[in-house]
Amino acid sequence: MSGFIAISRIPGRGAVAAGALFCSLVFSGAVAKAQEAVDVELVLAVDVSLSMSAGELEIQRRGYAEALVHKDVVNAILNGAYGKIAVTYFEWAGSFSQHVVVPWTVIASAEDARRMADRLSASVPASARRTSISGALQFAGDLFAESGFRGLRRVVDVSGDGPNNQGAPVVGARDALIEKGITVNGLPLMTSGGPGGGFDVPDLDIYYRNCVIGGPGAFMIPVNDWPQFPEAIRRKLVLELADAGTGKPPIILAQAEAYDCLIGEKMWQDRSWIWRDP
């Protein structure tokens with residue numbers, strides 16, 4: 001009878017008490033199962049705003065899929081204390097535009113990584129209006145709260161090609177995650193190709209360094225051209241999974257300096273460039 005709980009039929013209140021005990025034990029088992037220990041809980045938050053072309057969106061998806069199955073990334077996962085991570089992938093744009101492409105998934109082998117990569121490749125990404133990094137970070141916080149895992153580290157890996165221009169200020173959203181012990185790393189895309197490129201900033205890497213990334217060992221890797229993207233993703237994942245917060249350029253650590261973190265919101269408010277003559 002191992003694995004079963006025998007409860008005698010008890011009249012009156014005893015039956016209620018026995019039922020409550022049974023429910024409590026079942027619930028406790030569910031919680032214990034839900035809190036599976038992993039090395040890293042990793043949220044991949046990927047920008048799909050209109051500032052990127054359809055081709056660039058596809059490069060992103062393919063880049064993440066290929067990085068997850070790369071031997072260096074798989075080895076970084078397997079060499080952890082538990083030899084496994086929990087990861088989820090969602091795409092974001094405006095304040096209320098977040099779409100989970102792959103829900104929380106455990107990767108503990110090359111086969112697991114391949115299955116997640118296949119899920120990323122099974123659909124075509126769709127773009128949406130506006131750019132709300134703060135909305136993406138808040139959504140990531142909700143994902144951690146519902147993950148059902150207990151990671152030694154919790155990391156948000158956010159990639160994007162423009163500053164926050166909708167929703168709450170990004171600094172507050174970032175700091176709320178940091179207070180919970182969550183690290184926010186960045187992959188600023190110093191590229192343009194979509195119809196919304198008028199809201200780009202030339203120093204997006206500096207914006208990410210001062211306004212987006214933060215927490216223990218936070219860092220970012222700028223991408224200056226799309227051919228660099230696959231290698232940047234691989235390198236970033238290896239560093240995150242190996243708990244390495246330092247490295248050679250172009251890795252840039254979090255650093256506080258004077259910067260207007262509301263630049264994106266101000267650019268959106270001042271849209272007079274739309275009606276200017278070329």
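Side-chain atoms of D39 do not come within 3.5 Å of backbone N or O of I85 as any donor-acceptor pair. The closest donor-acceptor contact from the side chain of R153 to the backbone of L241 lies under 3.5 Å. At distances below 3.5 Å, not a single donor-acceptor pair connects side-chain atoms of D157 with backbone N or O atoms of S159. In this structure, the side chain of Q98 engages the main chain of S95 through a donor-acceptor pair within 3.5 Å. In this structure, R150 contributes its side chain and Q35 its backbone to a donor-acceptor pair below 3.5 Å. Y208 contributes a side-chain N or O that, together with a main-chain N or O of G160, makes up a donor-acceptor pair within less than 3.5 Å. Remark: side-chain polar atoms of S132 are not paired, donor with acceptor, to backbone N or O of A93 under 3.5 angstrom. Between the side chain of Q166 and the backbone N or O of G94, no donor-acceptor pair lies under 3.5 Å. In this structure, S121 contributes its side chain and A117 its backbone to a donor-acceptor pair below 3.5 Å. Here the side chain of D47 pairs a donor or acceptor atom with the backbone of D161 at under 3.5 angstrom.
In the hydrophobic cluster analysis, where Ile, Leu, Val, Met, Phe, Trp and Tyr join through side-chain heavy atoms closer than 4.5 angstrom, V74 is grouped apart from L44. Cluster annotation: M190 is connected to M220 through the hydrophobic network of ILVMFWY side chains, with a link wherever side-chain heavy atoms come within less than 4.5 Å. Placement of V38 and L78 in two distinct hydrophobic clusters is found when ILVMFWY residues are connected by side-chain heavy-atom separations under 4.5 Å, directly or transitively.
Ion pairing of E91 with R61 is present here, as a side-chain N (NZ or NE/NH1/NH2) and a carboxylate O approach within less than 4.0 Å. A salt bridge does not link R115 to D118: none of the charged side-chain nitrogens sits closer than 4.0 Å to a carboxylate oxygen. Note on E36 versus K84: salt bridge recorded, some NZ/NE/NH1/NH2 to OD/OE distance being below 4.0 Å.
Once rounded to the nearest 0.5 Å, the distance linking CG of L189 with CE of M52 reads 6.0 Å. To the nearest 0.5 Å, atoms CG (L237) and CG (L239) are separated by 9.0 Å. In this structure, the separation between CD1 on I221 and CD on Q228 is 10.5 Å, given to the nearest 0.5 Å. To the nearest 0.5 Å, atoms OG (S134) and CZ (R174) are separated by 12.0 Å. The distance from the CZ atom of F90 to the CG atom of D142 is 9.5 Å, given to the nearest 0.5 Å. The OG1 atom of T183 sits 8.0 Å away from atom CD1 of I178, with the distance rounded to the nearest 0.5 Å.
The heavy-atom pair separating A37 from Y82 by the smallest distance is CB-CZ, 3.6 Å. What you find for A232 and L187 is that their closest heavy atoms are CB-CD1, 4.1 Å.
The environment of E231 atom CD is sparse: at most 12 non-hydrogen atoms of other residues, nucleotides or ligands sit within 6.0 angstrom. Enclosure of atom CZ in R114 is not indicated, since only 12 or fewer non-hydrogen atoms of other residues, nucleotides or ligands lie within 6.0 angstrom.
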Q | Residue pair N185, V158: steps toward the side chain to side chain contact (heavy atoms under 4.5 Å, CB included) verdict | A | CA-CA 6 Å; N185 293 331; V158 57; over 6 Å; no
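Ring orientation note: the planes of W104 and F144 are tilted relative to one another, at an angle of 30° to 60°.
Judged by a 6.0 Å distance limit and a 45° cone about the ring axis, K236 is positioned over the six-membered ring of F219.
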